[in-house]
Amino acid sequence: MSQHPQQIASIIAIHQDRPGALLPMLHAIQDATGFIPPESIAQIASALNLSSAEVHGVISFYHYFRISAPAPHQIQICCAEACQSMGADRLMQHATAVNSTDFSVHPVYCLGLCANSPAMMIDEQLHARVTTEKFAKLISGLRSAS
Amino acid sequence: MSFTIFVPADSAALALGADDVASAIRDEAARRNITVTLVRNGSRGMLWLEPMIEVQTAKGRLAYGPVEAADVTTLFDADFISGGAHPLCLGLTEELAYLKNQQRLTFARVGITDPLSLEDYLAHDGYKGLRSALTMKPAAIVQQVTESGLRGRGGAAFPTGIKWQTVLKAEASQKYIVCNADEGDSGTFADRMLMEGDPFTLIEGMTIAALAVGATQGYLYVRSEYPHAIRVLNKAILLARAAGYLGEDILNSGKTFELEVRKAAGAYVCGEETAMLESIEGRRGIVRAKPPLPAIEGLFGQPTVINNVISLASVPVILDKGAAYYKDYGMGRSRGTLPFQLAGNIKQGGLIEKAFGVTLRELLYDYGGGSYTGRAIKAVQVGGPLGAYLPESQWDTPMDYEAYTALWAVLGHGGIVAHDDTADMAKLARYAMEFCAIESCGKCTPCRIGAVRGVEVMDKIIAGQTAQLTLLEDLCDTMLHGSMCAMGGMTPYPVLSALKHFPQDFRQPLPNPLPKGEGTIALSPSGGKLDKGESLCESHINQNAGEQHA
Ligand SMILES: Cc1cc2nc3c(=O)[nH]c(=O)nc-3n(C[C@H](O)[C@H](O)[C@H](O)COP(=O)(O)O)c2cc1C
Ligand code: SF4
Ligand code: FES
């Protein structure tokens, strides 16, 4: 079983009667546990009268949901056009070349900071006009914090 | 004596250190025994100046920016709280040309008020539109919106009043208002700025929509990439509810409207309205076939108004000041204002709300000040990732829905992304295909398979196999004509416009083999052709907004 079976059961109970409960439920689980434990899928499915395959299909459709424990920090680097025009490709290359267990790097398509590109988000912290120097400073902060 | 200082809490300001600036101001004021009131306002939209702080003076608000936490000591030394001179002082905010030359109707309060103060909202004409709507019959509200000429700001430009009329006429025990706040287009942030900077306007607009069509439940579908906007909206909903502006018996009218935020989960296609409905219902975001139109069979099978944030947030001013007031702005069939968003490689990026009819050149140079890098601007993508790339020869066309259609381009949600002369248009065309391949919902083959093939073909073209260009055109032709929604149906816009206007980047000798004159792109070999006035683009996007029932 997952590390959080009781917590997940109570989240399911809170959300299961809402119209269109699945997405809010998945968000609440991921917010609480960092990911959606695969063992919880059957539980979610039975609460919503769905098949496990259907729940799995929803989880895999959305980029945001994950089914394994993430690194301590999530770095999302915008790779959309406005950020590309300001060197996002270089930033992404630079970031993925850094090997670290403190964080994982993911592309994201627009953070709404397109007038101050390139942009990225570390967990829920936004950063704009990110140069490779600024990136290095930010991740060294992560390392000392974790 | 107390001093009022404004430090924006807009995401763009936060991303540039606004929270650090705010706490530095608090600390420094405490150290100097000065009482300051700190207001965390929205952004004025001059985003290259963020964090741009303001102080209230007898003459008006004075702006300083861009401010870093390290500047705060010298700002206090210069007595900035009384309007003292400092190298970062920009002058009176309202006098800054960037702002002064705008026509702010929808964004009238953004950056001025405290986004979460209902009192401030009311003091700045807030809820006047709702009060006026409460005195009117539903059909009269719809009539006002129709007469204003407001068209959907989410991209498809479908007349909002006509959509509302369909929902009003539909018989059902339950109707819904859904706000599309998925704002997935690169180069756009107007929805975000409005939700963070003036959430009550959006709530008021949705409430008016509910009164107009007889809906009692609303959903705000907000992208997961906007955590700050979600927080602000949730707080604003609670405040509005506690003050009797939401919930049961709104302002003692006997009317009920409940509102809830639903967080999306990072799928671009869920901005397509029927995919969004699927998502809210708890399924994969697969596009639904139309008909039935969402206005007749929408969320949970019930009649549903789906509108973009800016469409809904433009409704309060229409109900407050009248349809004629709003309609007075703009040109042709494009009435009112559009919040243009200047982004990418641009010196002075930001939000510019202007009446339709302004030109791209004015926005890029008079407002934007040219490219950020100081190099020549080469190509400008207007209308998000599904919008065309415009070369300089098209920058003087007035920005109006029909004029853009004639250019085989789209205004979309008003996003403008500038690229300097280092941009490789073949690479950007490849990216457009790649984005479509990643984000396709998979329902129809032209998009699902076409985009994957498109990436392969672009790779070959980039490798020098120019014979593949014919295949690229065929592929685009199939996508244009055979896709179910604008995702696959409009991906050819950035691809073919890049090819048409920048053939040298595709290793094509000039002149370009494609163009057949202004506003026309011939697609071989089927000869499918887009002429002025009857563009596929419009039929695609209008289909997407539900024009069939108009
Ligand atoms: C792939 C795709 C993505 C879209 N994304 C958005 C979006 O993020 N926000 C939006 O308001 N409309 C988006 N639309 C348009 C919507 O389908 C719909 O036309 C719009 O929400 C209707 O509201 P409006 O009439 O107020 O513009 C998208 C359409 C497509 C095909
Ligand atoms: S065009 Fe693409 S996104 Fe739209 S329905 Fe077809 S497969 Fe889905
Ligand atoms: S394109 Fe990168 S933040 Fe919008």
Side-chain angles (χ1 to χ4, degrees), chain A residues 15-16 18-28 30-31 44 48 50 54-66 76 78-89 106-130 134, chain B residues 11-12 14-16 47-48 50 183-189 191-193 219 223-229 262-268 270 279-286 299-300 341-346 349-351 372-373 381 384-385 415 417-420 423 428 431 435 438-439 441:
Chain A
H15 292 280
Q16 75 181 74
R18 296 171 74 176
L22 185 51
L23 257 70
M25 195 182 278
L26 294 174
H27 274 296
Q30 185 160 306
D31 287 348
I44 298 168
L48 296 178
L50 298 169
E54 280 171 301
V55 175
H56 207 280
V58 170
I59 295 171
S60 63
F61 181 84
Y62 295 98
H63 304 301
Y64 186 83
F65 297 126
R66 49 179 176 253
Q76 296 184 293
C78 177
C79 292
E81 290 92 335
C83 287
Q84 284 180 31
S85 79
M86 290 296 289
D89 291 2
H106 310 274
V108 64
Y109 299 95
C110 196
L111 293 165
L113 300 176
C114 337
N116 309 88
S117 298
M120 71 178 205
M121 182 148 77
I122 303 180
D123 304 323
E124 281 197 1
Q125 280 284 334
L126 292 164
H127 300 279
R129 291 265 186 258
V130 186
K134 188 166 174 180
Chain B
S11 283
L14 295 178
L16 293 160
L47 295 173
W48 79 99
E50 292 293 357
E183 197 167 56
D185 290 1
S186 166
T188 67
F189 42 80
D191 296 353
R192 179 187 64 65
M193 276 184 61
Y219 290 98
R223 61 200 304 252
S224 53
E225 293 85 348
Y226 284 179
H228 296 289
R262 285 295 168 100
K263 187 173 169 182
Y268 178 77
C270 287
S279 181
I280 297 173
E281 291 181 18
R283 286 188 289 274
R284 300 189 299 150
I286 309 281
L299 189 63
F300 304 114
Q341 300 128 85
L342 202 47
N345 195 326
I346 195 88
L351 183 125
Y372 182 84
T373 46
Q381 189 174 29
V417 177
H419 292 266
D420 75 8
L428 286 166
Y431 172 80
F435 184 71
I438 297 171
E439 298 296 332
C441 85

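All heavy atoms count here, side chains included; hydrogens, waters and symmetry mates do not.
Looking only at heavy-atom pairs under 4.5 Å with chain A, the residue among Ala418(B), Pro385(B), Ala423(B), Gly349(B) that has the most is Pro385(B). Comparing Glu281(B), Glu225(B), Arg283(B), Arg262(B) by heavy-atom pairs within less than 4.5 Å of chain A, the highest count is held by Arg262(B). Most heavy-atom pairs under 4.5 Å with chain B, from the set Ser85(A), Pro24(A), Ser117(A), Cys83(A): that is Ser85(A). Interface remark: of the candidates Gly87(A), Ala21(A), Gly57(A), Pro19(A), Pro19(A) forms the most heavy-atom pairs closer than 4.5 Å to chain B. Counting heavy-atom pairs under 4.5 Å between each of Ala264(B), Gly184(B), Gly415(B), Gly350(B) and chain A puts Ala264(B) at the top. The choice from Glu81(A), Gln125(A), His127(A) that makes the most heavy-atom pairs within less than 4.5 Å of chain B is Glu81(A). The candidate from Asn116(A), Leu26(A), Val55(A), Leu23(A) with the greatest count of non-hydrogen atom pairs under 4.5 Å with chain B is Asn116(A).
Contacts between Tyr268(B) and chain A at a heavy-atom distance below 4.5 Å are absent for every atom of the residue. Asp191(B) does not touch chain A: none of its heavy atoms, backbone or side chain, sits under 4.5 Å away. Proximity to chain A (any heavy atom under 4.5 Å) is shown, for Gln341(B), by neither the backbone nor the side chain. With a 4.5 Å cut-off on non-hydrogen atoms, Leu342(B) touches chain A through its backbone but not through its side chain. In this structure, chain A has a heavy atom under 4.5 Å from the side chain of Leu428(B), while its backbone stays farther away. Within the 4.5 angstrom heavy-atom criterion, no atom of Ala229(B) approaches chain A. For Thr188(B), the part sitting under 4.5 Å from any heavy atom of chain A is the backbone (N, CA, C, O) and nothing else.
Across Ala12(B) and Leu47(B), no two heavy atoms sit closer than the pair CB-CD2, 3.7 Å. Closest of all the heavy-atom pairs between Ala265(B) and Tyr62(A) is O-CB, 3.4 Å. Residues Ala343(B) and Phe189(B) come closest through the heavy atom pair CB-CE2, 4.2 Å.
Using a 4.5 Å heavy-atom cutoff, the side chains of Met86(A) and Asn345(B) are in contact. Counting heavy atoms from C-beta on, the side chains of Ile44(A) and Leu22(A) come closer than 4.5 Å. The shortest distance between side-chain heavy atoms of Leu113(A) and Ser11(B) falls below 4.5 Å.
Remark: Tyr372(B) OH is loosely packed, at most 12 non-hydrogen atoms of other residues, nucleotides or ligands lying under 6.0 Å away. Atom NE2 of His228(B) has more than 12 heavy atoms from other residues, nucleotides or ligands within 6.0 Å.
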